[in-house]
Structure formats: C-alpha cells, structure tokens
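Presented below is the structure to which this report refers.
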Amino acid sequence: LERTFIAVKPDGVQRGLISEIISRFERKGYKLVGIKVVVPSKEFAGKHYHALKEKPFFNGLSEFLSSGPVVAMVWEGEGVITYGRKLIGATDPQKSEPGTIRGDLAVVVGRNIIHGSDGPETAKDEINLWFKPEELVSFTSNAEKWIYGVN
Ligand code: GTP
Ligand code: MG
C-alpha cells in the first residue's frame, strides 16, 4: 500500500489542531504507521523544503517550520498521496475549498497548518528524511476488510 508523509506544522500544533487533523485522515480510512513530535532544526527544515530554496519565502518558511514542535506522520492507504492532498486543500487557504483542512482551519498561506507530500518520489524522500525504518510499523487493521472490501 502507498504511503505519504504528513506533518502538522508549528501553527497547527500551537492551535490545538493535532487531533482534528489526525481524525480527518483516520476517519477517511487511512492508517497511521508512524508518528512523532519533533522540533526540527532550521537546516533540517531547509532540507525538507529544498525544492523551494530559490523562492523569496524560503528563509521564512524554514525558520517557521523550525520554530516549534511539528507532528511528523506517515499515513498508508490506497491513493493516500493524492487524496491526502485533497483532504488538505489548496496551498493558499484563501483558495482552499470549505471541507478541506486548510479551507476549514487556516487563513493565510504562510500559516497553513499542515504539510503533505506532493507525489510518490517526494513521499519516499520525505519519509526517509523524517523517519528511520524501525520507527514505522506494518500491520493489517481489522477495519481494512470493511474499508476495502474482501476479495
Ligand atoms: P506543503 O504541503 O507545505 O509542501 O504545501 P504545498 O505543497 O501545498 O505548497 P508548496 O510545496 O508549494 O509550498 C510549501 C509551503 O510554502 C506552503 O505550504 C506555504 O506554507 C509556503 N508557501 C507557498 N507559497 C507561498 C507564498 O507565496 N508565500 C509564502 N509566504 N509562503 C508560501
Ligand atoms: Mg509542497
């Protein structure tokens, strides 16, 4: 099954939105296979956002991500990379649809509370950056036959 890297950013943690965010992925039917709370260094944050290093907001973004606790997670399930991004909503909360995490819970692009990998390659890279293999679990939940059907 596919895996993606999801992070509650420092603003989401400070605002008490960890459980709300976990709940949306969990209720959808996705499976949490790794989770930890970390304060990343600015250098580490820069690595995470390396694809944006030429952007004018890169420094502020790295500073922000390293400004406090982040909840780093790996979620697993069919289509979780693409559909996870749908649950999250557009980058700019002014453009995110109501019903999405950013649409419902955030207001400005620089404080959009959550990160999600944008494709299979970045998902793999980000999972490897944030987690050691032994920090992730593999298991079958009893709900899976109800989420996916039995064949
Ligand atoms: P992530 O899931 O956090 O990677 O967001 P995204 O994939 O929806 O957007 P992208 O990777 O392009 O940008 C990463 C982050 O940089 C965004 O989540 C924003 O917090 C921030 N960002 C993107 N564009 C802007 C911008 O124009 N101004 C500012 N201040 N921040 C931006
Ligand atoms: Mg991105």
Side-chain angles (χ1 to χ4, degrees), residues 1-138 141 147:
L1 274 175
E2 188 173 296
R3 289 180 167 186
T4 194
F5 175 71
I6 300 291
V8 183
K9 298 178 183 177
D11 49 345
V13 173
Q14 294 292 342
R15 292 177 54 200
L17 296 172
I18 299 168
S19 61
E20 170 74 32
I21 287 168
I22 289 176
S23 172
R24 290 185 182 216
F25 278 82
E26 193 175 41
R27 285 184 296 161
K28 168 72 176 169
Y30 292 136
K31 188 165 65 182
L32 185 62
V33 297
I35 184 167
K36 60 183 171 184
V37 187
V38 289
V39 182
S41 66
K42 189 177 171 188
E43 189 198 349
F44 186 94
K47 263 187 210 169
H48 170 76
Y49 278 128
H50 71 274
L52 301 171
K53 65 174 181 292
E54 304 305 330
K55 301 281 186 190
F57 54 83
F58 176 76
N59 187 59
L61 181 61
S62 306
E63 210 135 72
F64 174 64
L65 193 70
S66 60
S67 68
V70 168
V71 177
M73 297 179 277
V74 178
W75 285 87
E76 184 182 281
E78 199 169 302
V80 70
I81 299 172
T82 298
Y83 207 88
R85 300 265 299 179
K86 283 193 193 180
L87 292 178
I88 290 170
T91 306
D92 181 354
Q94 294 288 331
K95 297 183 180 132
S96 324
E97 296 297 327
T100 65
I101 292 167
R102 287 170 176 161
D104 289 347
L105 306 169
V107 182
V108 299
V109 71
R111 296 291 183 273
N112 61 5
I113 74 170
I114 179 170
H115 164 83
S117 306
D118 63 11
E121 280 307 310
T122 47
K124 197 167 134 266
D125 292 348
E126 290 169 2
I127 290 168
N128 289 333
L129 177 66
W130 288 82
F131 287 92
K132 298 173 189 154
E134 63 267 28
E135 292 175 322
L136 304 176
V137 298
S138 290
S141 81
I147 294 165

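Predicted model, so just to flag it, every value in this text is computed and none were measured. All ligand and atom numbering here is 1-based and tracks the order in the structure. We number each residue from 1, following the sequence as shown.
Counting only non-hydrogen atoms, the option in D118, V108, L61, L65 that gets closest to atom 16 (O) of ligand 1 is L61. Counting only non-hydrogen atoms, the option in F64, F57, F58, F5 that gets closest to atom 24 (N) of ligand 1 is F57.
For E78, there are no side-chain hydrogen bond (donor to acceptor under 3.5 Å, both in side chains) partners two or more places apart in sequence or in a different chain.
The contact set between ligand 1 and L52, taken as ligand atoms under 4.0 Å from a residue heavy atom, comprises 11 (O), 13 (O), 14 (C). Ligand-side atoms of ligand 1 in range of N112: 17 (C), 18 (O), 19 (C), 20 (O), range being under 4.0 angstrom from any heavy atom. If you number the atoms of ligand 1 from 1 as listed, the ones under 4.0 Å from a heavy atom of G116 come out as 2 (O).
The protein atom (non-hydrogen) at minimum distance from atom 3 (O) of ligand 1 is Y49 OH, 2.7 Å. At the shortest separation from atom 4 (O) of ligand 1 among protein heavy atoms lies H115 ND1, 2.9 Å. Looking only at protein heavy atoms, the nearest one to atom 8 (O) of ligand 1 is T91 OG1, 2.5 Å. Residue, atom and distance of the protein heavy atom nearest to atom 19 (C) of ligand 1 are V109 O, 3.3 Å.
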CA sep, side-chain torsions, deciding dist, call: M73, K36, side-chain contact (heavy atoms from CB on, under 4.5 Å): CA-CA 7 Å; M73 297 179 277; K36 60 183 171 184; over 6 Å; no

Given V8 and I113, is the side-chain contact (heavy atoms from CB on, under 4.5 Å) satisfied, shown in steps? CA-CA 6 Å; V8 183; I113 74 170; 5.6 Å; no

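The closest approach between a heavy atom of R102 and any atom of ligand 1 is below 4.0 Å. Contact annotation: R111 has no heavy atom less than 4.0 Å from any atom of ligand 1. For the pair R85 and ligand 1, a heavy-atom separation below 4.0 Å is found.
Looking at every heavy atom in both residues, N112 comes nearest to D11 through N-OD2, 3.4 Å. Minimum heavy-atom separation, R24 to I101: CD-CG1, 3.4 Å. Between R15 and A106 the shortest heavy-atom distance is NH1-CA, 4.2 Å.
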Distance-only check: which donor-acceptor pairs under 3.5 Å involve side-chain atoms of residues 55-66, not counting sequence neighbours?
| from | atom 1 | to | atom 2 | distance (Å) |
| --- | --- | --- | --- | --- |
| N59 | OD1 | K42 | NZ | 2.6 |
| S62 | OG | F58 | O | 2.9 |
| E63 | OE2 | K42 | NZ | 3.1 |
| S66 | OG | S62 | O | 2.9 |
| S66 | OG | E63 | O | 3.0 |

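Between F5 and W75, a ring centre-to-centre spacing not shorter than 6.0 Å is recorded.
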